[in-house]
2 protein chains.
Amino acid sequence: MFIELDLQSETPIYAQLVDQIVEGIASGALKPGDPLPSIRNLSEDLGINLHTVNKAYNLLKQEGFLQVHRKKGVIVQPDGMPGVTEEFEEKLRQQLRSLAAAAAVRGMSEEAFAQESKSVYRDMIMNRGGEQR
Amino acid sequence: MFIELDLQSETPIYAQLVDQIVEGIASGALKPGDPLPSIRNLSEDLGINLHTVNKAYNLLKQEGFLQVHRKKGVIVQPDGMPGVTEEFEEKLRQQLRSLAAAAAVRGMSEEAFAQESKSVYRDMIMNRGGEQR
DNA sequence: ATATCTGTTATATATGTAATATAACAAACA
DNA sequence: TGTTTGTTATATTACATATATAACAGATAT
């Protein structure tokens with residue numbers, strides 16, 4: 001796993017972990033069934049506390065992106081990722097609204113904003129095999 | 001001004017204020033030079049503390065979206081909004097990356113994501129006169 | 001069986017942010 | 001001369017973040 005933390009950032013450490021793991025799954029670097037480091041291992045590798053990693057793993061488990069077994073440890077959800085729920089759509093729209101407003105006020109056009117969204121999505125997916133969806 | 005606060009939300013009150021004012025400017029509901037309610041008036045209207053409104057106004061002033069005068073009170077930036085700086089682009093990309101990853105993992109396609117971005121932007125601008133940019 | 005590693009849970013503590021409550025000050029205005 | 005403006009200062013409450021230990025029970029390997 002390639003996790004880089006910015007301890008000076010205003011975004012909490014646990015949130016950075018969540019983001020980067022989700023991005024790892026989206027990019028294909030993490031595939032369904034893949035094991036993740038144990039809480040203690042990862043926390044030690046990153047030089048942070050056990051509970052910070054635990055919080056991130058639990059959030060991802062609650063969202064359905066991870067499974068946590070006594071046996072297998074922590075693995076990427078092998079039984080299909082959660083889909084586009086109405087709840088997620090609503091959250092997505094709300095966040096996009098905030099970004100779109102800030103962009104529009106600064107003079108960024110609708111096309112530029114949509115294009116930026118598109119290329120960010122594409123850059124994330126790029127090096128993924130053709131096996132998904 | 002049409003400000004609606006969700007006191008149960010996990011997004012801070014001051015951030016909700018910032019968001020909605022920026023959206024007001026983006027949508028054209030607030031035009032350059034338009035006055036905003038005084039700190040005390042708005043805080044009383046919304047039933048929140050003076051300092052919470054002050055914090056929001058100050059952030060917007062620092063970003064260049066508002067001007068604060070002893071004379072005129074608080075007004076929407078009349079001398080041209082800040083443009084698309086490199087700093088803003090970077091922040092925008094980072095946030096879009098997080099959203100795009102969550103969308104991709106859930107199976108939302110690149111086109112659907114870009115389309116969502118586009119329509120959210122459009123819905124925000126809709127009822128704006130043709131006077132901008 | 002014994003030691004070890006897993007996630008899980010419980011406490012406690014330090015730090016920072018968010019939000020509130022008062023209070024006061026100086027500039028501008030009617 | 002009051003009144004309203006933004007501004008600043010202080011104090012307090014509540015909550016989130018992150019850390020430090022400690023212990024427990026299930027699972028695994030020696």
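The structure presented is a predicted model; accordingly, all values stated were derived computationally and were not measured. Every chain is numbered from 1 and lettered A, B, ... according to where its sequence line falls, protein lines coming before strand lines.
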Query - Whole-Å distance separating the CG atom of A:N54 from the C1' atom of C:dT11 - result: 15 Å
Report task. Find the distance A:L59:CG to D:dA18:P and express it as a whole number of Å. Result -> 12 Å
Query - Between D:dT8 (P) and B:K55 (NZ): distance, integer Å - result: 15 Å
Report task. Return no unless some side-chain N or O of A:S38 is found under 4.0 Å from OP1 or OP2 of C:dT6. Result -> yes
Query raised in the report: With sugar-phosphate meaning primed atoms plus P, OP1 and OP2, does B:Y14 contact a base, only sugar-phosphate, or nothing at under 4.0 Å between heavy atoms?
Result: sugar-phosphate
Requested in this report: Show your working on side-chain contact (heavy atoms from CB on, under 4.5 Å) between A:R93 and A:E90 and close with a plain yes or no.
Outcome: CA-CA 5 Å; A:R93 263 193 292 266; A:E90 188 45 50; 3.9 Å; yes
Report task. Would you indicate, yes or no, if C:dG7 has its OP1 or OP2 atom less than 4.0 angstrom from a side-chain nitrogen or oxygen of A:N58? Result -> no
Query raised in the report: Between CD of A:Q115 and NZ of B:K118, what distance do you get to the nearest 0.5 Å?
Result: 9.5 Å
**Report entry** Whole-Å distance separating the CD atom of B:E10 from the C1' atom of D:dA14
**Finding:** 17 Å
Report task. Round to the nearest Å and state the distance from A:I75 atom CD1 to C:dT6 atom P. Result -> 15 Å
Report summary line: Tightest non-hydrogen contact, residues B:Q77 and B:P32, listed as O-CB, 3.3 Å
Query raised in the report: Are OP1 or OP2 of D:dT7 and a side-chain N or O of B:K61 less than 4.0 angstrom apart?
Result: yes
Requested in this report: Could you check B:R97, B:M108, B:E110 and say which one makes a side chain to side chain contact (heavy atoms under 4.5 Å, CB included) with A:Y121?
Outcome: B:E110
Report task. Could you state the atom-to-atom distance from CD of B:Q67 to P of D:dT7 in whole Å? Result -> 12 Å
Got a list of protein N/O to nucleotides 20-27 of chain C N/O distances below 3.5 Å?
residue	atom	partner	partner atom	Å
C:dT20	OP2	B:N49	N	3.0
C:dT20	OP2	B:T52	OG1	2.7
C:dT22	O4	B:H51	NE2	3.3
C:dA24	N6	B:R40	NH2	3.3

Requested in this report: Indicate yes or no: at least one non-hydrogen side-chain atom of B:I48 is less than 4.5 angstrom from one of B:L17.
Outcome: yes
Requested in this report: Please answer: with hydrophobic residues joined when any side-chain heavy atoms are less than 4.5 Å apart, are B:V68 and B:I21 in the same cluster?
Outcome: yes
Requested in this report: Could you please name the option among D:dT17, C:dT6, C:dT8 that lies closest to any side-chain atom of A:P12?
Outcome: D:dT17
**Report entry** Side chain of A:V68 - closest among C:dG7, D:dT5, D:dT7
**Finding:** C:dG7
Query raised in the report: How close or far is atom P of D:dA14 from atom CD of B:Q8, stated in whole angstroms?
Result: 16 Å
Query raised in the report: For the pair made of NE2 in B:H69 and C1' in D:dG6, what is the distance, rounded to whole Å?
Result: 12 Å
Report task. Give a yes or no on whether B:V22 and B:L59 share a hydrophobic cluster (residues Ile, Leu, Val, Met, Phe, Trp, Tyr; joining criterion: side-chain heavy atoms under 4.5 Å apart). Result -> yes
